[in-house]
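To keep things clear, I will list the structure first and then write my remarks on it.
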Amino acid sequence: PSVFVAYAWQYSDLTMGAAGLCCRVLHIESLRLLCATTRRSSCGPRQRLVALRVRPACRVASTASDSSRLTLLRAACTARGVDALIVPANDPHLAEYPPLSYHRRAWLTGFNGSAGFAAVTQDAAALWTDGRYTLQADLELNPRDAWELHREGTHATNPTTLAQWLAQQAERGCDGKADFIVGVDPSLHSHKELEQLKADLADARQDGDGAKRIIVAPLQAPNLIDALWEDRPPLDTPQLRVHSVHAGKSIVQKLQELGVAIRSAGACALVVSELDEVAYLCNVRCWGQIPNCPTSHAYVLVTCMGTASE
């Protein structure tokens, strides 16, 4: 079942003027028991029972069954010559809320939470997410017995990191290869993130037997999942609105100031890729592409002379 009901006890502190909210998401079958228990309990004057009906998460559909997606992806990895593939929830702008066409991790795993990433080898598959989503992931991973679930973050107990897991998978392989190739889509990771992964893999290899070299390999387009995702939603054409009156500064003023900053840094140009920065720089807002987010997928190239192309 994809319908959940969240019940929250909201404690209002009239003295401090603050409010705390404690939520627990419960399966629909637990609703009757919870309501019966709640009716028998007494609520003080500063407690209110707030019922929130949560809309089902937008599930990415596919003509293939969930179990066959791993099989198809593993075959694609073999064809590309990679032993493992990292599947993040990112889009090329590393935005927190990507459009549906970039929900590759959700398509592969069935997990629709906003945080988390997956890794797949020929013999294993794992998902990492933080404490907010571990219960949801446990329910949504499909097929559940095909996926390991790891909790990341500072509150995880004895966590297995991605680097440690990949190092373990590399040592388990008996294919006789000297290298273990980890494929990544370079458009979905920052340079800093990939450099950190390489350092973590080197440390994990030293902690283990270290028989195989683990190589992080950027893969050329197309993304491996895109070639398998038959009914992938298209990226909607954005509808832009110029906010020149309320922006405070015109686009020309902003570009001129940015051009001065670029020259001061000794650079020739600046690529603006953050979606909120693009919206601010161009004084535009968008709707229709990312639900509830007034941004549009775009890049802006600004030269040291204060001119721009998008």
Side-chain angles (χ1 to χ4, degrees), residues 66-90 104-105 107-111 113 115-131 133-134 137-138 140-220 223-225 227-228:
D66 286 349
S67 59
S68 67
R69 296 172 190 171
L70 278 172
T71 303
L72 293 171
L73 183 60
R74 283 166 174 156
C77 288
T78 300
R80 285 282 191 100
V82 297
D83 301 293
L85 181 70
I86 299 175
V87 184
N90 298 336
R104 300 181 178 99
R105 188 219 57 209
W107 177 88
L108 177 65
T109 67
F111 169 58
F117 57 90
V120 177
T121 68
Q122 291 299 321
D123 304 313
L127 174 82
W128 284 261
T129 189
D130 60 46
Y133 294 109
T134 49
D138 192 38
E140 290 185 345
L141 283 172
N142 192 8
R144 182 62 186 91
D145 57 356
W147 288 93
E148 302 174 25
L149 177 58
H150 297 279
R151 180 173 175 175
E152 62 174 347
T154 57
H155 298 289
T157 303
N158 298 323
T160 299
T161 65
L162 173 62
Q164 292 170 341
W165 188 84
L166 289 172
Q168 294 169 2
Q169 300 304 316
E171 296 309 315
R172 289 175 186 170
C174 302
D175 51 12
K177 295 168 56 178
D179 298 332
F180 185 82
I181 309 300
V182 179
V184 297
D185 184 337
S187 68
L188 305 179
H189 303 269
S190 67
H191 175 74
K192 180 180 179 180
E193 179 186 354
L194 291 181
E195 290 301 309
Q196 184 62 54
L197 176 61
K198 293 176 183 178
D200 292 343
L201 286 171
D203 293 339
R205 183 168 175 263
Q206 290 177 358
D207 294 338
D209 296 335
K212 285 188 177 182
R213 291 190 308 166
I214 305 178
I215 300 175
V216 178
L219 302 179
Q220 295 182 351
N223 184 283
L224 290 182
I225 289 181
L228 306 175

Candidate pair I86 and L162, rule side-chain contact (heavy atoms from CB on, under 4.5 Å), full reasoning: CA-CA 9 Å; I86 299 175; L162 173 62; 3.8 Å; yes
In Å and rounded to the nearest 0.5 Å, what is the [atom1] to [atom2] distance from [X] to [Y]?
X	Y	atom1	atom2	value
L201	F180	CG	CZ	9.5 Å
L127	T109	CG	OG1	5.5 Å
T129	L149	OG1	CG	7.5 Å
L73	S68	CG	OG	11.0 Å
L72	L224	CG	CG	12.0 Å
Q196	S190	CD	OG	10.0 Å

Given the rule in the side chain to side chain donor-acceptor pair (under 3.5 Å) test, do D123 and T121 qualify, once you have shown the distances and angles that lead to the verdict? CA-CA 5 Å; D123 304 313; T121 68; 5.5 Å; no
Shortest non-hydrogen contact from [X] to [Y]?
X	Y	result
A167	A204	CB-CB, 3.9 Å
A118	W147	CB-CZ3, 3.9 Å
E140	G113	OE1-N, 4.4 Å
G183	L85	O-CD1, 3.4 Å

With distance as the sole test, does [X] use its side chain to make a donor-acceptor pair with the main-chain N or O of [Y] at under 3.5 Å?
X	Y	value
T161	Q164	yes
T78	R74	yes
R105	L108	no
R205	K212	yes
R151	Y133	no
W107	L228	no
D185	N223	no
D130	E152	no

Heavy-atom side-chain proximity of [X] to [Y] below 4.5 angstrom:
X	Y	result
R80	I181	no
R104	L188	yes
V182	I214	yes

Can you find a side-chain donor-acceptor pair between E148 and H150 that sits under 3.5 Å? yes
From CA spacing to verdict: side-chain contact (heavy atoms from CB on, under 4.5 Å), I225, V87: CA-CA 9 Å; I225 289 181; V87 184; 3.6 Å; yes
Going by the angle between their ring planes, with limits at 30° and 60°, are W128 and F117 parallel, tilted or perpendicular? parallel
Check this for me, if you would: do E195 and K192 make a salt bridge, where the nitrogen-to-carboxylate-oxygen distance has to be below 4.0 angstrom? no
